[in-house]
Amino acid sequence: MSTLRKCLVAGLVSLPVSVFGHGILLFDQDAAATARGNAFVATADNPSALYYNPAGITQLGGQQLRLGAYALTYQTNYRSPIGTTAESTRAYEALPQLFYTYSSPKFPVSFGIGIYSPFGLSMKWPENSGFRSAALDGSVQYFTVQPVIAFRLGASTAAIAQDDGDATGVHKAVRPAFEPDLSLAIGPTFNYARTDLKQGLSQFVGNDFFRFKGDAFAPGFTAGLRWQPVEQHAFGVTYRSATTMEYSGHTDTVSLASGLSLRQNAKAEFEFPQSVTLGWSWRPTPEWNVEFNANWTDWSSFNTVQIKQPTGTVPLALNWRSSWYFAWGVTRKFEGGWHASAGYIYSQNSVPDGNFTPLVPDTDRHAGSVGIGRDMGKWSWDMAYQFTRGVARTVSGSASVVADGRYDWWSQALAVSVGIKF
């Protein structure tokens, strides 16, 4: 094998594992949901239901718009088997969301469109980390546009959302008494992703690097079900299809020692996973709402990925594993439209030691959140704070042996959302 070929293979062998993992799933798409630990699939009572459970938009009257942002900072700490340490460059990210819904005043049907980012990654390590040949820095950006249609089955005329005709112009649901509620929703997703990943080809600081940049577009779909058989209990299910991203871009291989500088066209096919989320909401009184959610994400479909470029195809065995995410949340309503929420999350890591990469230092994690908000009729707002701690993980026997060691991380986030009813 030529020297160039060896360099390319060395760079590619750890490339795919650095762009996937439970660690890049972004569940936080609304401040009210974030405050509840994202336990929102069975509640789903604002326009962000388009993400959490699109069947929930049948609860919303008239036209509603919800805008939000999720801003976070995070840092990872590393200790090698011989005691040297490194810290990732602290990252600051801000992710916007937009959700719009419309419910017919005459028919049990609702429409919506959401724009959000369900996956994301930004990680940068110093050149002297000790594992520069495994990871230097990388980013993954993933954007989704999701139109949805939802049907409310068996709804009586009185239960269909209608305009109350008051001076504020606010649409309200006319429901003289509780009725069992079953809603279904489905819609396509249009997804765009781009990635930029960089690593050294050796442990010599600043001497060489391998870099891959590319972007891709892929369709998918989502579906949801919400069932509220009695006033105190509601259940929800959301399904998201896998999306196969066929990245098209280029690779750069640079070595100052040998004078090598090569750019090649490259393609890589990555499958972002399918997932299922289940939710149960319990309302012991009209003022209280307690919910539990469980999410399963199918990372196990990642077995072998093919990287194609002029020098040939490199098959890569990933051997990832599916993972679970559990969330508990509670909301208490007060007079004047005020409400307060709290939540807790536990999620499993998705990456076995043999496929571990510092670009996605995936560990089990715990997250706590609190938030407040107010519904003022036409306008509403929510704010939430979230703190997440990655459980310390000691990695041994990884494909990139230099990446073995102890990893732990933390993140803080602030979410803000504003809604308006037309």
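Computation of the quantities below employed the complete heavy-atom set of this structure, encompassing side-chain atoms and omitting hydrogens, waters and symmetry-equivalent molecules. Not measured: the values here are computed from a predicted model.
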Taking the side chain as every heavy atom from C-beta outward, state whether [X] and [Y] have any pair of such atoms under 4.5 Å apart.
X: K213; Y: T195; value: no
X: Y116; Y: F99; value: yes
X: R263; Y: T251; value: no
X: K421; Y: Q63; value: no
X: R240; Y: V276; value: no
X: Y78; Y: S129; value: no

**Partner of D408 under side-chain hydrogen bond (donor to acceptor under 3.5 Å, both in side chains), chosen from T76, N77, T363** =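 The option that passes is N77.
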**Item:** Residue pair T58, S103: steps toward the side chain to side chain contact (heavy atoms under 4.5 Å, CB included) verdict
**Value:** CA-CA 7 Å; T58 61; S103 294; 5.8 Å; no
**Prompt:** What class does the angle between the rings of H233 and W282 fall in, given that below 30° is parallel, 30 to 60° is tilted and above 60° is perpendicular?
**Reply:**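 Rings of H233 and W282: parallel, as their planes differ by under 30°.
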Are [X] and [Y] an aromatic pair by the rule of ring centers under 6.0 Å?
X: F292; Y: W280; result: no
X: Y239; Y: F221; result: yes
X: W381; Y: W338; result: yes
X: F272; Y: F119; result: yes
X: F131; Y: W125; result: yes

[atom1]/[X] to [atom2]/[Y] distance, rounded to the nearest 0.5 angstrom?
X: W288; Y: T331; atom1: CH2; atom2: OG1; result: 9.5 Å
X: M383; Y: L414; atom1: CE; atom2: CG; result: 5.0 Å
X: D404; Y: S398; atom1: CG; atom2: OG; result: 4.0 Å
X: R321; Y: Q348; atom1: CZ; atom2: CD; result: 8.5 Å
X: Y192; Y: M245; atom1: OH; atom2: CE; result: 9.5 Å
X: D298; Y: S241; atom1: CG; atom2: OG; result: 12.0 Å

Basic-acidic side-chain contact under 4.0 Å: [X], [Y]:
X: E291; Y: R36; result: yes
X: R226; Y: D45; result: no
X: K333; Y: E287; result: no

**Request:** Apply the test side chain to side chain donor-acceptor pair (under 3.5 Å) to residues D382 and S380: give CA-CA distance (whole Å), side-chain angles for both, the deciding distance (0.1 Å), then the verdict.
**Result:** CA-CA 7 Å; D382 284 274; S380 62; 5.4 Å; no
With no hydrogens and no angle check, is any side-chain donor or acceptor of [X] less than 3.5 Å from a backbone partner on [Y]?
X: R66; Y: L98; result: no
X: S369; Y: T34; result: yes
X: Q29; Y: S117; result: yes
X: Q146; Y: L50; result: yes

Is it the case that [X] and [Y] place a side-chain donor and acceptor less than 3.5 Å from each other?
X: Q386; Y: Q412; answer: no
X: R194; Y: Q141; answer: yes
X: N191; Y: T144; answer: yes
X: S323; Y: N349; answer: no
X: N38; Y: D28; answer: yes
X: S347; Y: R365; answer: yes

**Item:** Counterpart residues, ring pair (Phe, Tyr, Trp, His ring centres under 6.0 Å), relative to Y52 (two or more places apart)
**Value:**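 So Y52 forms a ring pair (Phe, Tyr, Trp, His ring centres under 6.0 Å) with F40.
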**Message:** Applying ring pair (Phe, Tyr, Trp, His ring centres under 6.0 Å), can you list everything that pairs with F143, at least two apart in sequence or on another chain?
**Reply:**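 Expected list: none.
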**Message:** For F356 and Y407: C-alpha separation, side-chain torsions, deciding distance, then whether ring-ring contact (aromatic ring centres under 6.0 Å, His included) applies.
**Reply:** CA-CA 11 Å; F356 188 88; Y407 295 82; 4.7 Å; yes
What are the two closest non-hydrogen atoms of [X] and [Y], and how far apart are they?
X: P54; Y: G224; answer: CG-N, 4.0 Å
X: G220; Y: T243; answer: CA-CG2, 4.1 Å
X: L197; Y: S139; answer: CD2-N, 4.1 Å
X: A44; Y: Q59; answer: O-NE2, 2.8 Å
X: A367; Y: T388; answer: CB-OG1, 3.3 Å
X: S300; Y: S322; answer: OG-OG, 3.2 Å

**Prompt:** In chain order, what residues pass the side-chain hydrogen bond (donor to acceptor under 3.5 Å, both in side chains) check against D196, with sequence neighbours excluded?
**Reply:** R211
**Request:** List the steps, then state whether ring-ring contact (aromatic ring centres under 6.0 Å, His included) holds for F270 with Y247.
**Result:** CA-CA 8 Å; F270 302 134; Y247 282 94; 5.4 Å; yes
**Prompt:** Does CZ belonging to F204 count more than 12 external heavy atoms closer than 6.0 Å?
**Reply:**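 12 or below, so no.
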**Message:** With a sphere of 6.0 Å drawn around CH2 of W227, does it hold more than 12 non-hydrogen atoms of other residues, nucleotides or ligands?
**Reply:**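 Atom CH2 in W227 is not crowded, with 12 or fewer foreign heavy atoms closer than 6.0 Å.
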**Message:** Both conditions, 6.0 Å and 45 degrees, for the charged tip of R332 above the ring of F334: are they met here?
**Reply:**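 Yes, R332 lies over the aromatic ring of F334.
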**Prompt:** Do R393 and D353 pass the salt bridge (Lys or Arg N to Asp or Glu O under 4.0 Å) test, and can you show the C-alpha distance, the side-chain angles, and the key distance before you say yes or no?
**Reply:** CA-CA 10 Å; R393 175 182 182 180; D353 281 9; 2.9 Å; yes
